[in-house]
Amino acid sequence: MKDEAVDKNLVTQLDTAFIRKEPYGVVLIIGPWNYPLQLIMVPLVGAIAAGNCVIIKPSEISSSTEKLLAETLPSYLDKDCFAVVTGGPAEITQLLDNKFDYIFFTGSPQVGKIMMAAAAKHLTPLTLELGGKNPCYVADESDLQNVANRLVWGRCFNAGQTCIAPDYVLCSAETQEKLLPALRSAITQFFGPDPRESPDFARIISDKQFQRIRALLGSGRVAIGGQTDEKERYIAPTVLVDVQPSEPAMQEEIFGPVLPIVTVPNVDEAIAFINSRERPLAVYVFASNSKLVRRVLDRTSSGGFGANDSIMQMTLISLPFGGIGSSGLGSYHGKFSFDTFSHHRACLLRSMGLEPMNALRYPPYSERKMGLVLSTFRIKHTGTCTLL
Ligand SMILES: *[C@@H]1O[C@H](CO)[C@@H](O)[C@H](O)[C@H]1NC(C)=O
């Protein structure tokens with residue numbers, strides 16, 4: 001948080017130049033329902049660390065957590081600086097009519113556009129933590145049981161309602177044949193013969209989300225799972241095969257425990273497939289050949305990247321977390337949160353000395369002055385000749 005001294009050029013040698021990290025002012029944090037505590041509290045910590053006041057808007061869909069935050073947060077935070085606002089779209093619309101100094105939104109790309117339009121009205125800077133379909137390329141020679149374990153864990157954690165979960169698998173037809181029994185075995189090992197009985201397998205947040213995900217089971221063919229129970233909002237860990245890129249399961253972010261597999265002949269086709277779509281929050285690759293991993297890393301674009309695992313890159317606070325393109329704008333976690341919620345103010349405190357040097361830049365101009373400027377400031381070091 002300290003002022004950060006920076007390099008100076010020749011004419012500012014006697015001066016003080018630094019970056020001051022200042023709070024933006026009043027920040028609006030809008031959280032989603034899938035990790036209703038984490039995705040409010042983690043940005044909130046960054047906003048507080050940077051010295052801002054915060055209006056906190058938890059999702060009304062995860063209503064128990066919304067209630068908990070509204071009841072408990074105010075007893076821990078200064079009421080002059082922090083407030084929790086509850087309610088749905090009508091309340092958010094009303095909230096967004098106000099001028100904030102920063103908006104931090106986590107949610108869908110669709111609502112992200114509404115946020116950005118609302119922020120534009122007041123020229124309010126914002127961070128958008130959105131989502132997308134995270135591709136996962138599985139190379140032919142991979143250790144497929146380990147791959148399956150890590151895929152099933154990433155896909156089924158929180159019943160798939162995770163923005164950086166692997167959304168679909170790209171692999172060859174031969175790899176698909178070997179991967180299917182490994183996926184089946186991982187599901188059984190984690191959740192038992194009937195995942196519905198498992199205390200470690202979650203349910204879908206709402207009826208609306210349940211209906212949406214259940215409809216996706218019509219894409220391609222169910223190879224594993226596929227069972228649903230509307231009353232419980234249960235959807236079994238499911239793997240879809242023979243899915244066409246034009247089918248619904250390949251058109252929207254799945255956000256449920258459903259993993260489609262799309263077959264591609266080779267890694268270059270997989271890269272072309274990834275690049276023909278919106279830039280995702282994460283690209284994942286499983287391969288024993290590290291050149292192949294580098295190839296996918298070099299030739300694709302995404303918020304983050306993971307080799308040989310999914311989700312784990314977000315556990316490092318030394319890495320920025322955020323999307324690119326339709327998966328988001330800006331990033332946070334660890335020090336990146338502090339920077340996101342700070343304005344970096346460029347400060348130069350000049351001394352009043354060395355006025356003859358300054359006289360060179362004052363009119364009236366002459367050939368002689370120009371010559372002096374050029375000779376005095378013909379500096380060999382790069383980056384220091386920025387007087388004019
Ligand atoms: C991925 O795992 C495989 C199998 O353990 C290993 O050979 C490979 O080097 C790993 N890839 C990277 C990029 O570390």
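Order of appearance sets the numbers: ligands from 1, and atoms from 1 within every ligand.
A 4.5 Å side-chain heavy-atom check between L170 and V138 finds every atom pair outside the cut-off.
The ring of F341 has its center closer than 6.0 angstrom to the ring center of F104. Taking the centre of each ring, W153 and F191 stay at or above the 6.0 Å mark.
Taking the six-membered ring for Trp and thresholds of 30 and 60 degrees, Y102 and Y24 have ring planes inclined between 30 and 60 degrees apart.
Pairs engaging residues 73-90 under the salt bridge (Lys or Arg N to Asp or Glu O under 4.0 Å) rule: none recorded [sequence neighbours left out].
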Distances only, to 0.1 Å: what are the N or O pairs between ligand 1 and the protein that fall under 3.5 Å?
residue  : atom   : partner : partner atom : Å
ligand 1 : 2 (O)  : N308    : OD1          : 3.4
ligand 1 : 2 (O)  : N308    : ND2          : 2.3
ligand 1 : 11 (N) : N308    : ND2          : 2.9

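L28 pairs with exactly one of L96, T124, N98 by the side chain to side chain contact (heavy atoms under 4.5 Å, CB included) rule, that one being L96.
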